[in-house]
Amino acid sequence: MLDARFVRENPDIVKNALAKRGMDVDLVPFIALEDERLVFIKDADELREKRNKVSEEIAALKRRKEDASALIEEMKDVSARIKEYEEKLNDVGRRTREFLLTLPNLPNESVPVGRDETGNVEVRRWGTPREFGFTALNHWDLAEMHDIIDFDRAAKIAGARFALMKGLGARLERALMNFMLDLNTSKGYKEVFPPILVNAESMTGTGQLPKFEMELFKTFDELYLIPTAEVPVTNIHRAEILEESKLPLYYTAYTPCFRREAGSYGKDTRGLIRQHQFNKVELVKFVKPENSYDELEKLTNDAEDILRKLELPYRVIALCTGDIGFSAAKTYDLEVWLPGQGRYREISSCSNFEDFQARRADIRFRREGKKGTEFVHTLNGSGLAIGRTLVAVLENYQQKDGSILIPEALRPYMGGVERIGAAPVCK
RNA sequence: GGAGAGGUGGCCGAGUCGGUCGAAGGCAGCCGCCUGCUAAGCGGUUGUGGGGGUAACACCUCACCCAGGGUUCGAAUCCCUGCCUCUCCGCCA
């Protein structure tokens, strides 16, 4: 959420920044509402001041056993007017807040300007896509060949866009989770395992609500299935004032993630790329404002490191103003090479939200020796999406005979299994 | 699911028949003083947010005692609803 005061005092800056996102926002009604709100606050405060003063007088009179009925009579009217103002204030305050909650974050100046994903900028590449010397298969063909993912039975159990992992497929999924968590924790990220069902306040804190409810699975108990661990982990510190000395805070979490994928009909209908339920290991940071862009580079590098250790070719994309997410001020996507598709596909998204989420979720810190508080900056990134990493491993490590080598880094997590397919394998 | 208890400032904890309570007291913290050092002791101080004000402080004012309503001239204190926590019973991975 943007700061109400900042918006009303800098409407041009806000309007121009949002224009870069391709939005034409009319701030005039908002500012009018704000002006009204400020007047109400002033008037209501003055009345309340009077009420407080007179109440003391009444109390003093009563203590002296004197008659206070004239004052009480007078205050009845004052109180009634205060109530009127409070109702107006509630109404206006609610409307300004609702408006602000629907405004996305302002892009950072370093974000390339562009209308849509065609405006994204490749920042760097790592690794070289392998020369196969044969036609590389899709991961779903490979998975079927080895009976490690069963989409048909998953559809029977749950529906489309679900997967049943079996045998070494399930083992590989688990190996990736553990490998990533171990690597992340070795870099100082604290491992947490949060609730994956959260309340509306948490969803509002990170920006999923109120605008994107249609993308979420909701239960009958007013709880939502998380679309990413970003939600519960960022909300760990909701409504808290942190000590400066505790910052930065780094967390990593494995969680399942759930997305309705409304509006993605016909996209990635086969395979593991786009599922209603998938596993992900997430990185989350709480940092001081002056460090947040350094921290974004470091976080992105930490996510990249996972791909490097798995020896999977990837590239880093700086999303342009028209393509960054609602809450983000800047985002790098990591895209891994998928031979089966012959192109790079998103496997991680690393963002700096600056104080956008912190303001919504009320996460502040106090500087040593200074009075007052400031909002922290929050960041997060996938480190990494497990399902898509598994896809990348299957497709990049496939051999001519159809077997799949296990990346060196994962073998300790696979009980020593080096290959899916040719060698003795459990099916 | 059934039966009770409770939610107060960084923490502990007091708030009597509603009135001078932003809230006693203690601890922790901070600033002084004192003391060979440390401890103890003495004095002072220490919440958050909004509005106004200032070059910046200062300062003025309003709100906040889980949340939202209600009663009242006036509520931390009374009433209602919700949320959460704890204890006991039942049930269960």
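Quick note on labels: first sequence line is chain A, next is B, and so on, each numbered from 1.
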Relative to Y85(A), does K88(A) satisfy both conditions: NZ or CZ under 6.0 angstrom from the six-membered ring centre, and within 45 degrees of the ring's axis? yes
Can you tell me, in whole Å, how much space there is between the [atom1] of [N] and that of [M]?
{"N": "U81(B)", "M": "A5(B)", "atom1": "P", "answer": "15 Å"}
{"N": "C65(B)", "M": "G22(B)", "atom1": "P", "answer": "12 Å"}
{"N": "A40(B)", "M": "C27(B)", "atom1": "P", "answer": "10 Å"}
{"N": "G53(B)", "M": "A58(B)", "atom1": "P", "answer": "15 Å"}
{"N": "C11(B)", "M": "G29(B)", "atom1": "C1'", "answer": "11 Å"}
{"N": "C57(B)", "M": "G50(B)", "atom1": "P", "answer": "14 Å"}
{"N": "C31(B)", "M": "G25(B)", "atom1": "C1'", "answer": "22 Å"}
{"N": "C64(B)", "M": "C12(B)", "atom1": "P", "answer": "23 Å"}

Result of checking E49(A), E57(A), E56(A) against K53(A) for side chain to side chain donor-acceptor pair (under 3.5 Å): E49(A)
Considering the options H237(A), E191(A), K190(A), which one meets the side chain to side chain donor-acceptor pair (under 3.5 Å) requirement together with Y251(A)?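 Exactly one candidate clears the test, H237(A).
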For [N], which nucleotide in any strand shown is its Watson-Crick or wobble partner with both distances under 3.5 Å?
{"N": "C21(B)", "answer": "none"}
{"N": "G32(B)", "answer": "C42(B)"}
{"N": "U87(B)", "answer": "A3(B)"}
{"N": "C27(B)", "answer": "G10(B)"}
{"N": "U71(B)", "answer": "none"}
{"N": "A76(B)", "answer": "none"}
{"N": "A63(B)", "answer": "U48(B)"}

Using atom [atom1] of [X] as one end and atom [atom2] of [N] as the other, report the distance to the nearest whole Å.
{"X": "I363(A)", "N": "U48(B)", "atom1": "CD1", "atom2": "C1'", "value": "16 Å"}
{"X": "D3(A)", "N": "G49(B)", "atom1": "CG", "atom2": "C1'", "value": "12 Å"}
{"X": "E36(A)", "N": "G50(B)", "atom1": "CD", "atom2": "C1'", "value": "17 Å"}
{"X": "L61(A)", "N": "G74(B)", "atom1": "CG", "atom2": "P", "value": "16 Å"}
{"X": "I41(A)", "N": "G51(B)", "atom1": "CD1", "atom2": "C1'", "value": "6 Å"}
{"X": "E368(A)", "N": "C30(B)", "atom1": "CD", "atom2": "C1'", "value": "12 Å"}
{"X": "D43(A)", "N": "G50(B)", "atom1": "CG", "atom2": "C1'", "value": "15 Å"}
{"X": "L89(A)", "N": "G51(B)", "atom1": "CG", "atom2": "P", "value": "11 Å"}

Could you check whether F326(A) and F212(A) have their ring centres less than 6.0 Å apart? yes
With a 6.0 Å cut-off on the ring centroids, do F217(A) and H276(A) count as close? yes
Residues [X] and [Y]: side-chain donor-acceptor under 3.5 angstrom:
{"X": "Y413(A)", "Y": "D182(A)", "value": "yes"}
{"X": "S327(A)", "Y": "N105(A)", "value": "no"}
{"X": "S202(A)", "Y": "N199(A)", "value": "yes"}

Please tell me which of A60(A) and R364(A) maps to the more 5' nucleotide of RNA chain B, matching each residue to the nucleotide holding its nearest heavy atom. A60(A)
A correct 5'-to-3' footprint of nucleotides 52-70 of chain B, with B, S and - meaning base, sugar-phosphate only and no protein heavy atom under 4.0 Å, is S-----S--SSS-----S-
May I ask you to evaluate whether R366(A) reaches the phosphate of G10(B), defined as a side-chain N or O under 4.0 Å from OP1 or OP2? no
Presence of S79(A) side-chain N/O under 4.0 Å of U72(B) phosphate oxygens OP1/OP2: no
Considering every strand and a 4.0 Å limit on heavy-atom distances, what is the contact class for S69(A): base, sugar-phosphate, or nothing?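 Nothing: the residue S69(A), judged by heavy atoms under 4.0 Å, touches no strand.
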What nucleic acid atoms does I58(A) come within less than 4.0 Å of, heavy atoms only: base, sugar-phosphate, or nothing?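 Base contact.
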Residues two or more places apart in sequence or in another chain: which of them pass salt bridge (charged side-chain N to carboxylate O under 4.0 Å, His left out) with D24(A)? K15(A)
